[in-house]
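Here the structure is laid out as structure tokens; the discussion comes afterwards.
None of the values given here were measured: they were computed from a predicted structure. Below, chains carry the letters A, B, ... as their sequence lines are ordered, and counting in each starts from 1.
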Amino acid sequence: MGSVRIFLPDNSVKEFDHEPTVLEVAESIGSRLAKDTLGALVNGPGSEVVDLRIRLKDGDRLKILTAKDEESLEVIRHSAAHVMAQAVQEIWPEVKVTIGPVIDNGFYYDFDSPHHFTPEDLSKIEKKMEELLRRNDEVTRELWSAEQAIETFESMGEAFKAEIIRDLVRDEGVSEVSIYRQGQWFDLCRGPHVQRIGQIKAVKVMSLAGAYWRGDETKAQLQRVYATAFNDKKDLDEYLHNLEEAKKRDHRKLGKDLNLFVFHPLSPGGPFFTPKGTVIYNQLQSFIREKYREYGYEEVITPQLFDVDLYHQSGHYENYRENMYFTQIDERDFSFKPMNCPGHCVLYGADKKSYRDLPWRVADFGRLHRHERSGVMHGLTRVRTFCQDDAHIFCRSDQLQGEIEQFMTMLRDVYQKLNMLDYKVYLSTRPEQRMGEERVWDQAEQALEQALKALGIDCQINPGDGAFYGPKLDIMFVDALKRPWQLGTLQCDFNMPEAFKLAYVSEENKEERPVMLHRAILGSLERFIGVYLEHTAGHLPIWLSPVQVKILNLTDRQNEYCAELLQSLLDAGVRAEWDDRREKLGFKIRQAQLEKVPYMLIVGDKEMEEKRVTVRLRSAENKEAVEFADFLEDIKQDLLLRR
RNA sequence: GCCCAUGUGGCUCAGGGGUAGAGCACACCCUUGGUAAGGGUGAGGUCGUGAGUUCGAGUCUCACCAUGGGCUCCA
């Protein structure tokens with residue numbers, strides 16, 4: 001028998017006379033390392049985390065994971081999920097277990113329980129888990145035959161587990177399953193798991209939710225318990241702290257605090273923008289309009305209500321009816337538009353188009369109505385009525401790549417101005433169910449890829465994720481708290497030009513079908529405002545701030561001067577207010593600060609005599625008293641350059 | 001739509017069978033005060049809606065409405 005060689009990250013080699021487990025390699029390096037081992041990466045950093053009990057093969061490159069490595073969190077959390085299940089079953093023996101996967105920031109476990117968990121139960125579970133961590137049982141892995149496992153779980157009444165194994169036998173032909181045991185408790189599991197339960201240092205049971213067995217509404221309703229685990233208490237505290245921070249930036253809270261928008265039960269999912277919120281809305285809109293002029297778009301206005309026939313023709317009635325609002329007038333069926341595209345197709349077809357008219361870029365800030373399911377609405381980010389920075393580009397197929405490049409350039413331009421520097425691009429290619437010729441798909445997918453390449457933009461490809469009518473790009477904006485949001489999108493559409501029999505006359509005087517691109521940069525203004533408030537924590541750039549300048553006088557001796565200042569600012573188009581209440585300066589500053597006003601102008605006798613103002617920024621930074629005329633010039637520049 | 005939780009003045013919340021409270025905001029008065037809350041007085045609520053239990057219901061029950069957390073992460 002030849003020797004088995006295992007390569008370590010420092011390129012050293014360990015030799016064995018048999019295929020060693022990860023743990024055996026760790027032991028050969030040092031007992032301390034062996035004690036701390038949680039799992040391993042084999043053959044590359046991108047690989048899945050493997051269990052420390054698996055056997056390695058000759059030539060494997062091994063990276064042993066300990067609490068120092070972020071990847072080990074997966075092991076910690078996977079084991080913590082088992083601890084949670086064990087804790088729950090120790091408290092309520094009648095509860096049945098299902099699955100408990102690791103998710104982004106923790107893990108969950110779905111239980112089938114006759115007892116409805118309450119918020120108080122969460123801390124009960126957490127206490128029990130902590131007790132189990134102290135008990136520090138060893139975790140062992142066993143291989144059982146599938147039949148034995150099914151029989152065992154069935155005899156325990158764990159029908160869900162038995163079902164999982166049956167499916168594994170049927171779908172993947174497995175004959176053996178792994179079982180992880182800790183103390184008296186065991187669970188069917190693929191792993192990986194820690195050596196001893198005590199290696200889990202910090203757990204927190206977070207929340208409760210309903211879920212369905214296998215995510216299927218028609219199957220058993222389960223109770224999901226969300227929790228998280230970390231390598232030490234400090235990391236857990238930091239995570240909880242970040243959650244608090246995210247809560248403070250919640251756009252629904254900011255919307256209330258800054259008085260930007262409200263909701264009312266009489267229009268669920270229908271935001272009311274207050275005068276202040278409307279300023280933001282309109283500023284964004286005019287910013288985008290300016291970009292439209294720059295990039296050769298034309299804006300149009302199209303109807304709100306269409307005969308349902310339109311949606312039969314576009315296919316929305318067949319595929320999107322659930323989300324549409326209908327009404328009947330004079331015995332004729334109408335629907336509110338859920339998107340602008342069919343209307344734009346009608347407009348396209350209203351006259352004869354020449355190849356010289358293309359590309360035709362039509363923008364529309366039309367109000368859309370979509371009937372979202374009642375449980376999915378969320379502040380401004382998921383609403384039932386909204387308006388997109390929506391435009392459609394009708395072009396020849398040889399113009400595709402150029403249009404895509406132009407769109408991505410425009411998007412970069414807009415995002416940069418908004419200080420949204422981190423975003424990712426996803427390219428979704430042809431799905432199995434699709435329409436159109438392969439040649440057209442080839443061309444469109446290549447155009448997308450080439451355009452990104454030409455601009456040096458990296459993208460991730462999602463094979464098969466495109467719509468049935470064409471491939472697409474999704475732009476995921478990553479906000480200041482590293483959370484991804486899908487805002488921009490660019491979708492190729494071969495279907496709608498076909499459905500509406502759209503055509504243009506080519507140079508050869510032949511009728512040709514144009515390609516249609518659906519595209520948006522901000523997505524919907526509503527959703528964008530929500531996301532942007534969270535990104536900026538409400539500290540909007542000056543040009544977007546509802547109130548840009550607040551004049552704060554010390555005493556009413558400065559009233560006349562303040563009135564002049566206010567008038568000059570208003571005349572210059574600055575959104576200025578004057579807090580003329582007879583309150584102390586500290587009090588006025590506090591209020592302006594809570595409103596997140598970018599500039600506070602403090603005016604006392606000193607300033608008045610010299611025609612100056614003291615400028616306080618919302619960062620609490622104070623500038624020397626400056627001449628008012630200079631301040632006015634500066635802020636005019638801010639507005640001109642959208643700073 | 002489904003599961004769980006929540007719904008009390010504009011806002012944040014207390015009160016849990018005997019007829020409604022606080023702070024902030026608001027109004028008025030005093031205070032003319034230099035960088036995040038000066039003081040006083042006052043107004044403001046069919047306790048989400050509807051039914052039921054009860055001598056009596058913000059309070060208990062049920063239904064509905066709205067909001068929030070989830071329902072995509074798969075041994």
At under 4.0 Å between heavy atoms, what does A:Met600 touch on the DNA or RNA strands: base, sugar-phosphate, or nothing? nothing
Can you tell me if A:His378 touches the phosphate of B:U67, counting only side-chain N or O atoms and a distance under 4.0 Å to OP1 or OP2? no
Complement of B:A43, any strand, by Watson-Crick or G-U distances under 3.5 angstrom: none
Among A:Gln86, A:His193, A:Arg196, find the residue that satisfies the side chain to side chain donor-acceptor pair (under 3.5 Å) test when tested with A:Gln182. A:Gln86
Counting only side-chain nitrogens and oxygens, does A:Arg373 get under 4.0 Å of the OP1 or OP2 atom of B:G1? no
Please confirm whether the ring centroid of A:Phe528 lies under 6.0 Å from the ring centroid of A:Trp485. no
Are A:Lys256 and B:U12 close enough that a side-chain N or O sits under 4.0 Å from OP1 or OP2? yes
Strand partner of B:A66, provided both Watson-Crick or wobble distances fall under 3.5 Å: B:U6
For A:Tyr212, answer base if it contacts any base atom (sugar-phosphate contacts may also be present), sugar-phosphate if it contacts only those atoms, and nothing otherwise; contact means non-hydrogen atoms under 4.0 Å. base
Rounding to an integer number of Å, can you tell me how far A:Tyr109 OH sits from B:C73 P? 15 Å
Among the candidates B:G34, B:A36, B:C73, find the nucleotide nearest to the side-chain atoms of A:Ile103. B:C73
Check every strand shown and say whether A:Gln593 touches a base, only sugar-phosphate, or nothing at a heavy-atom separation below 4.0 Å. base
Remember a base hit wins even if backbone is also touched, and classify A:Ile165 as base, sugar-phosphate or nothing at under 4.0 Å, heavy atoms. nothing
Side chain of A:Asn622 only, heavy atoms from C-beta on: which candidate in B:A36, B:G1, B:U35 is closest? B:U35
Syn/anti state for B:G58 [syn: chi within 90° of 0]: syn
Identify whether any heavy atom of A:Lys588 sits under 4.0 Å from a base atom; if not, whether one sits that close to sugar-phosphate; answer base, sugar-phosphate or nothing. nothing
Distance below 4.0 Å between A:Arg581 side-chain N/O and B:A25 OP1 or OP2: no
Is A:His264 touching bases, backbone alone, or none of the nucleic acid, heavy atoms closer than 4.0 Å? nothing
Picking from B:A25, B:G68, B:C74, the nucleotide nearest the side-chain atoms of A:Pro101 would be B:C74
Strictly below 4.0 Å: does A:Thr555 bring a side-chain N or O up to OP1 or OP2 of B:G33? no
A:Tyr226 side chain N/O closer than 4.0 Å to the phosphate oxygens (OP1, OP2) of B:C71? yes
Give a yes/no answer on whether the side chain of A:Arg224 brings an N or O atom under 4.0 Å of OP1 or OP2 in B:C3. no
Heavy atoms under 4.0 Å, any strand shown: does A:Gln223 hit a base, just sugar-phosphate, or nothing? nothing
